[in-house]
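Notes for the one structure printed next.
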Protein chains: 2
Amino acid sequence: MARPRTYVRDEVVSRAADLFVRKGYEGAHLEELVRVTGLNRFSLYKEFGGKEGLFQAALDAYLERMDSLGAILRREPRGLSNLRAFYADLLSRDFPHGCLAVNTIREKHVVPERVFATIERFAADSEEQLRGNLAAARERGELAATTDVDGLARVLTALNMGLMTYGVVAPGRASAQQVGALLERVLR
Amino acid sequence: MARPRTYVRDEVVSRAADLFVRKGYEGAHLEELVRVTGLNRFSLYKEFGGKEGLFQAALDAYLERMDSLGAILRREPRGLSNLRAFYADLLSRDFPHGCLAVNTIREKHVVPERVFATIERFAADSEEQLRGNLAAARERGELAATTDVDGLARVLTALNMGLMTYGVVAPGRASAQQVGALLERVLR
DNA sequence: CCTGTTTCAGAACGACTGATCCGTAACGGC
DNA sequence: GCCGTTACGGATCAGTCGTTCTGAAACAGG
């Protein structure tokens, strides 16, 4: 019978994700990953195949944590109330070091392609969910019939990325109320 | 008489900036910096003091390039026409690899503090310029008297950051017209 | 030509990096 | 206890990293 593992995979992944949010893929070094996760090097390679595998696992876990936000946009009925709930939730969260997905966009030319493909899919999905709710809102008469929901979804996606970035350079400066007020100007 | 330099400092800085936009501070390695700039290692250390100095010079030059945008917001009279011109200009530019300043935000825990302080000042100045024009617009009656110009400036700053990030993961997807339409909904 | 100075090309250096390796520990089954 | 298996701690490895160093090149002046 083999020696039992002393690490818990999910805990390792979660801690690694926290470090990757702060330092990025390239900046988070193995020595530090080993330290914050408590995982020994042999096990890191055995369990994840190496740094890339650990990053991918951390990213996947992080996106799963964020999926509670996406779930809001998937509620029926689609429409403005979903968008309002989405932003209420998003803005209730703290991103002092940014968001792993958004941060990783800036490492496009550094991370493995497979990893970046995950980010691209995440961004496209997010935008599609926003667009779906905007389209439903327009159909229901919550938005003007002339509203360009495609464009609006794109801009809101960009705004989401920006909010997570803003929180890094000016922490605590953009409040839920302020963003909400802007959105009400948009969504009417 | 000393041997003449074969490099042109501004050209070196500009090329280094382009690489730093793509790879970031940590990801842009000296070997590649030497290759794309054509600057030999001795001169790099002599002229810039090392990688950090080159990055700071590249960032400063980059921000100077971007200052033409800031200049639009400093025109008199302050108001909505400045904002419209600002966005028309911003959105006429291409940021396929992002913006060096915004990209560097995600390297907060990696770059030297001095460098990050430059980013913080840039962000704060940008926001202040936006705020100034919004406040003038409100005073002139172009915006409702109840408009929260502080909050709006913050959100627009975040949006700017987001637009530069969006262009990396979904190039060419957010058009000037679409962003402009959203702004018209906001600025009325 | 020689001299002094600065810049060049690129090698060498020491530290750092992700990955591999080795001896030992921990376990159940016999 | 021994055995086989897997995970541990941490040393080692080969390559890469930013920085320093060295000999040669390029120049004007004497």
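These numbers come from a predicted model, not from an experiment. Just the heavy atoms: all of them, side chains too, but no hydrogens, waters or symmetry mates, feed the values below. Residue numbers start from 1 in every chain, and the chains themselves are labelled A, B, ... in the order their sequence lines are given, proteins ahead of strands.
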Nucleotide [N], atom [atom2] - distance to [atom1] of [X] in whole Å:
X	N	atom1	atom2	value
B:Glu31	D:dT19	CD	C1'	13 Å
B:Glu32	D:dC17	CD	C1'	14 Å
B:Tyr45	C:dA12	OH	C1'	14 Å
A:Lys51	C:dT17	NZ	C1'	8 Å
A:Leu33	C:dG18	CG	C1'	11 Å
B:Leu44	D:dC21	CG	P	16 Å
B:Tyr25	D:dC17	OH	C1'	12 Å
B:Arg35	D:dT16	CZ	C1'	16 Å

- Task: Please work out whether the ring planes of B:Tyr25 and B:Phe55 are parallel, tilted or perpendicular, with thresholds of 30° and 60°.
- Result: perpendicular

- Proximity to the side chain of A:Asn40 - top-ranked nucleotide from C:dA26, D:dG9, C:dG18: D:dG9

- Query: From the list D:dG18, C:dA19, C:dT6, which nucleotide is the closest neighbour of the side chain of B:Ala2?
  - Reply: C:dT6

- Is a salt bridge present between B:Arg22 and B:Asp18, judged by a nitrogen-to-oxygen distance below 4.0 Å? no

- Going hydrophobic residue to hydrophobic residue with side-chain gaps under 4.5 angstrom, can you get from B:Leu91 over to A:Leu152? yes

- Report the residue (B:Gly50 or A:Leu39) whose heavy-atom-nearest nucleotide on DNA chain D is the more 5′ of the two. A:Leu39

- Item | Toward the 5' end of DNA chain D, by each residue's nearest nucleotide, B:Ala28 or A:Phe42 | A:Phe42

- Item | side-chain N/O B:Lys46 vs C:dT7 OP1/OP2, d < 4.0 Å | yes

- Below 4.0 angstrom from OP1 or OP2 of D:dA7, is there any side-chain N or O of A:Arg5? yes

- Message: Taking donor-acceptor contacts at under 3.5 Å, does the side chain of A:Arg3 reach the base of D:dA7?
- Response: yes

- Query: In terms of the nearest nucleotide of DNA chain C, which residue is placed more toward the 5' end: B:Thr6 or B:Glu26?
  - Reply: B:Thr6

- Apply the side-chain contact (heavy atoms from CB on, under 4.5 Å) test between A:Thr165 and each candidate in B:Asn160, B:Asn103, B:Ile105; give the one that qualifies. B:Ile105

- Item | Exercise: identify the closest heavy-atom pair between B:Glu52 and B:Arg114 | OE2-NE, 3.9 Å

